[in-house]
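The next block holds one structure in the form of structure tokens; read it before the comments.
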Protein chains: 2
Amino acid sequence: MELDARKLEILFAIIENYQETGEPVGSRTISKLDRLNLSPATIRNEMSDLEEMGLIVQPHTSAGRIPTDKGYRLYVDRMLADQAKKAEEPRDLPALPMQDLLTRRIDRVEEMLLKMAQILAANTNYTTMVTGPHSRKSKLKFLQLSPMDKGRILAVVVLSGDIVKNNILTLDEEVGSDELMELNFILNKRLTGLSLEEINLSVISGLKNEAGDHVEVVSKVLDAVAETFAKEDSYPVYTSGAPNIFRYPELTGGDRASELISTLEEKKTLGSAIGSLTSPAGSRQDIQVYIGDEVPVESMKDCSVVTATYSLGDGVQGKIGIIGPKRMNYQKVVDTLQETMSHLDGIFLQTEE
Amino acid sequence: MELDARKLEILFAIIENYQETGEPVGSRTISKLDRLNLSPATIRNEMSDLEEMGLIVQPHTSAGRIPTDKGYRLYVDRMLADQAKKAEEPRDLPALPMQDLLTRRIDRVEEMLLKMAQILAANTNYTTMVTGPHSRKSKLKFLQLSPMDKGRILAVVVLSGDIVKNNILTLDEEVGSDELMELNFILNKRLTGLSLEEINLSVISGLKNEAGDHVEVVSKVLDAVAETFAKEDSYPVYTSGAPNIFRYPELTGGDRASELISTLEEKKTLGSAIGSLTSPAGSRQDIQVYIGDEVPVESMKDCSVVTATYSLGDGVQGKIGIIGPKRMNYQKVVDTLQETMSHLDGIFLQTEE
DNA sequence: TGTTAGCACTCGTCAGGTTAGAGTGCTAAC
DNA sequence: GTTAGCACTCTAACCTGACGAGTGCTAACA
């Protein structure tokens with residue numbers, strides 16, 4: 001069977017109507033549309049064909065049609081292709097209230113990401129998740145040891161991409177202020193600019209030689225550094241708008257709501273799931289759309305997820321995901337994500353200059 | 001009407017049965033209990049009296065009884081009083097898996113608190129919330145300026161209670177490494193040990209005099225310090241076990257689940273609400289029980305909340321709250337919180353030594 | 001006087017039946 | 001190829017009656 005232009009138009013009309021109402025769409029509803037001036041009977045014939053092609057289904061005999069995953073997939077692919085073509089055209093979305101993000105007082109990228117997740121959730125009425133910035137090839141920018149109390153020092157570790165982590169180290173030996181500065185100097189000289197892999201045994205033994213008496217401090221600092229790198233690998237995850245799932249009855253029936261909320265609370269699972277996502281079907285830019293079963297998280301098989309990869313330069317990057325029902329407004333979500341990306345780029349460039 | 005021992009026993013039997021089943025309790029159920037060998041008819045008479053006293057109600061004419069807020073309040077007060085008396089007795093609860101918390105690698109108190117919230121939620125099957133450590137009279141312990149890139153420095157601010165915050169400052173002027181160290185020294189000399197109130201105009205102008213050319217740096221650092229104090233006031237809040245509310249149908253009917261989850265996600269509202277709680281009825285130790293309407297959060301009027309105040313010394317303290325249905329197992333929750341508190345004390349003492 | 005057995009009564013739940021309406025597929029005519 | 005008409009199907013909503021849990025009241029009992 002052939003999928004001609006009219007069938008496509010009808011399919012898309014069904015999808016868009018279903019997106020708005022959440023109810024199965026009948027032939028009468030479609031026939032009322034002006035652009036394809038057709039009687040319900042004709043629509044019914046076409047619908048029957050579309051069903052045969054696996055693009056729509058009836059929940060039960062005397063009901064209207066709803067799109068299948070395959071139907072959505074067709075719709076989304078077409079949409080993304082269209083968008084790629086006319087990417088130049090100005091689009092007039094209501095501007096996101098992202099101004100706040102531009103404030104100079106971004107002390108932690110993480111805070112900004114969380115805020116971004118909140119803005120996205122509020123604007124789309126879906127649930128958002130954002131993985132913290134992350135890099136396979138991040139390097140040690142510098143570290144800073146400061147005396148705190150008797151027997152305790154504060155070690156601040158800074159990685160490329162401005163990932164900062166504080167470690168309070170408890171020492172058995174006493175280290176004087178001057179000695180600490182000396183150590184600080186040595187450690188930075190030896191370690192600055194190295195990645196985790198590059199801090200190998202020879203570097204370490206060289207360091208320990210040079211450190212003289214203060215082997216304990218050095219090894220604890222090294223532990224802290226290793227842990228910072230490791231933590232960086234563990235994808236911190238921020239979510240927002242979890243309660244939005246209650247807007248969509250198809251996501252809250254049975255235990256679904258509970259399972260979804262649980263998944264969102266288990267940030268770790270979520271983080272590695274979203275982190276493992278890679279472009280399946282070659283799609284536009286960094287934006288990926290996963291529909292129903294394509295989502296690699298069991299409890300989200302009734303959802304669709306749209307992800308985008310943001311990049312803060314230096315190879316530091318992370319993912320933003322928007323989770324909604326399969327009938328989510330893909331167009332709006334993709335547009336919104338795209339706008340968010342350009343904002344992020346703007347912020348990044350500004351910081352960089 | 002008088003509340004004799006037998007009435008009390010029946011009331012408590014009703015409460016405990018209702019806690020287990022979540023179903024209204026009938027007279028037959030109670031009469032089956034061995035300890036008060038009574039016929040259903042007698043129980044009915046007593047129940048009728050209890051209802052007149054406002055301690056129990058019937059959801060509808062031909063149903064069993066469920067406790068009222070007043071009934072729970074009586075039960076809880078009695079329980080807390082009992083517990084105070086026999087506080088010495090060893091209690092054999094299944095030990096909480098708190099060992100993890102004892103690990104030395106507590107780089108941030110916050111992480112430990114989150115983990116604690118998770119353990120509590122998993123063990124009680126209720127929802128937990130924990131406010132971050134917080135102090136009205138916290139002081140600046142020290143600060144540390146480090147050069148980062150061209151035009152940017154990292155300012156680490158440490159408050160009493162080991163509250164550490166990083167601030168990346170973007171400067172218009174260029175500051176050399178030596179000058180930065182000098183500034184570092186001056187700032188620490190002038191500011192260390194002061195609380196927010198004590199950093200007044202005269203301190204600031206003195207500082208600016210001494211700083212010479214680098215007024216910009218000083219004022220930006222002061223902003224960062226002020227913000228750290230302010231942030232400290234804003235109660236970070238961790239929650240865990242939100243999905244547990246789905247275990248209790250009385251909390252998930254209608255829009256209740258959605259509202260509860262929303263409230264939990266709005267950490268800020270939650271923080272100030274839980275922060276504002278003060279001991280209403282004088283109760284045992286630091287543990288407070290709020291039942292139904294006593295909870296100062298609109299969406300939690302169908303819940304009970306048990307809170308405990310933890311203290312990390314130096315006046316630094318925070319609150320733990322356990323949120324569950326009104327029929328929650330108060331005994332278990334109070335015991336568990338008490339055990340957690342002693343664990344925390346243990347950790348704190350160990351860190352201090 | 002407190003306790004208990006018996007009984008009529010109330011009310012919510014559940015299964016079964018009915019109805020109205022939405023939507024379809026098919027057929028025949030245009 | 002399109003459309004009108006019609007019989008058919010299925011769900012949701014509503015009603016109904018039977019059932020059972022639980023009560024309150026009364027009268028008898030220890």
Side-chain angles (χ1 to χ4, degrees), chain A residues 1-11 13-15 17-18 20-68 71 249-250 253-254, chain B residues 1-11 13-15 17-18 20-68 71 249-250 253-254:
Chain A
M1 183 139 352
E2 211 184 334
L3 190 63
D4 56 20
R6 196 173 74 179
K7 282 194 173 49
L8 255 184
E9 188 133 17
I10 292 174
L11 172 63
I14 293 172
I15 290 179
N17 188 287
Y18 185 60
E20 283 167 32
T21 65
E23 299 286 314
V25 185
S27 54
R28 260 181 64 81
T29 314
I30 299 297
S31 82
K32 275 184 206 137
L33 293 178
D34 291 340
R35 54 185 158 151
L36 25 75
N37 198 18
L38 291 171
S39 80
T42 312
I43 304 290
R44 281 205 286 281
N45 289 331
E46 297 288 41
M47 279 178 158
S48 182
D49 291 350
L50 287 169
E51 181 155 16
E52 210 173 305
M53 286 185 260
L55 297 170
I56 54 179
V57 279
Q58 289 180 282
H60 55 85
T61 326
S62 73
R65 307 306 215 282
I66 61 175
T68 61
E250 64 263 48
Chain B
M1 179 138 356
E2 213 183 335
L3 189 65
D4 57 19
R6 197 174 72 178
K7 282 192 173 50
L8 214 54
E9 187 131 20
I10 291 174
L11 172 63
I14 292 172
I15 291 178
N17 188 288
Y18 185 61
E20 284 167 32
T21 65
E23 299 286 312
V25 185
S27 54
R28 259 180 64 83
T29 313
I30 299 298
S31 83
K32 274 183 204 138
L33 293 177
D34 290 341
R35 55 184 157 151
L36 23 75
N37 199 17
L38 291 171
S39 80
T42 312
I43 304 289
R44 279 204 288 279
N45 289 331
E46 297 288 41
M47 279 179 161
S48 183
D49 292 350
L50 287 171
E51 181 155 15
E52 211 174 305
M53 284 185 263
L55 297 170
I56 55 179
V57 279
Q58 290 181 280
H60 54 84
T61 327
S62 73
R65 307 305 215 282
I66 62 175
T68 61
E250 64 264 48

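Naming convention: chains lettered A, B, ... in sequence-line order (proteins, then strands); numbering from 1 in each chain.
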Original post:
Which whole-number value in Å describes the distance from A:Lys7 NZ to D:dT2 P?
Top reply: 9 Å
Subject >> Sub-4.5 Å side-chain heavy-atom contact between A:Leu38 and A:Ser31 >> reply: no
**OP:** Round to a whole Å and report the spacing from CD1 of B:Ile43 to C1' of C:dA5.
**Re:** 15 Å
**OP:** In whole angstrom, give the distance that lies between atom CD1 of A:Ile66 and atom C1' of D:dT11.
**Re:** 15 Å
**OP:** Specify the closest pair of heavy atoms between A:Tyr18 and A:Val25, including all atoms of both residues, with the distance to one decimal.
**Re:** N-CG2, 3.9 Å
Original post:
Which dot-bracket string describes DNA chain C (Watson-Crick N1-N3 plus N6-O4 or O6-N4, or G-U N1-O2 and O6-N3, all under 3.5 Å; [ ] crossing; | other strand)?
Top reply: ||||||||||||||||||||||||||||||
Original post:
Can you check the A:Glu23 CD to C:dG23 C1' distance for me, whole Å?
Top reply: 13 Å
Subject >> Backbone N/O of B:Lys7 and side chain of B:Glu46: donor-acceptor pair under 3.5 Å >> reply: no
Original post:
Rounding to a whole Å, what distance do you find between B:Asp4:CG and C:dG2:P?
Top reply: 11 Å
Original post:
Side chains of A:Met47 and A:Glu51: does their closest heavy-atom pair fall under 4.5 Å?
Top reply: no
Original post:
Out of A:Leu50, A:Ile15, A:Ile56, A:Leu11, which residue meets the side chain to side chain contact (heavy atoms under 4.5 Å, CB included) rule with A:Arg65?
Top reply: A:Ile56
**OP:** Look at atom CG of B:Asp4 and say whether more than 12 heavy atoms of other residues, nucleotides or ligands are closer to it than 6.0 Å.
**Re:** yes
Original post:
Rounded to the nearest Å, what distance is computed from the NE2 atom of residue B:His60 to the P atom of nucleotide D:dG20?
Top reply: 17 Å
Original post:
Just how far, in rounded Å, is C1' of D:dT3 from CG of A:Leu36?
Top reply: 16 Å
Could you list, one pair per line, each protein nitrogen or oxygen that sits under 3.5 Å from a nitrogen or oxygen of nucleotides 24-27 of chain C, together with the distance?
{"residue": "C:dT24", "atom": "OP1", "partner": "A:Ser27", "partner atom": "N", "Å": "3.3"}
{"residue": "C:dT24", "atom": "OP2", "partner": "A:Ser27", "partner atom": "N", "Å": "3.2"}
{"residue": "C:dT24", "atom": "OP2", "partner": "A:Ser27", "partner atom": "OG", "Å": "2.6"}
{"residue": "C:dG25", "atom": "OP1", "partner": "A:Arg65", "partner atom": "NH2", "Å": "3.0"}
{"residue": "C:dG25", "atom": "N7", "partner": "A:Arg44", "partner atom": "NE", "Å": "3.1"}
{"residue": "C:dG25", "atom": "O6", "partner": "A:Arg44", "partner atom": "NH2", "Å": "3.1"}

Original post:
Okay, side chain of B:Ser27, backbone of B:Ile43: is any donor-acceptor separation there less than 3.5 Å?
Top reply: no
Original post:
Heavy-atom distance under 4.5 Å between the side chains of B:Leu33 and B:Asn17, does that happen here?
Top reply: no
Original post:
Do B:Thr42 and B:Arg6 touch side chain to side chain, with heavy atoms closer than 4.5 Å?
Top reply: yes
Subject >> 5' priority, DNA chain C, between B:Glu46 and B:Pro59 [closest heavy atom] >> reply: B:Glu46
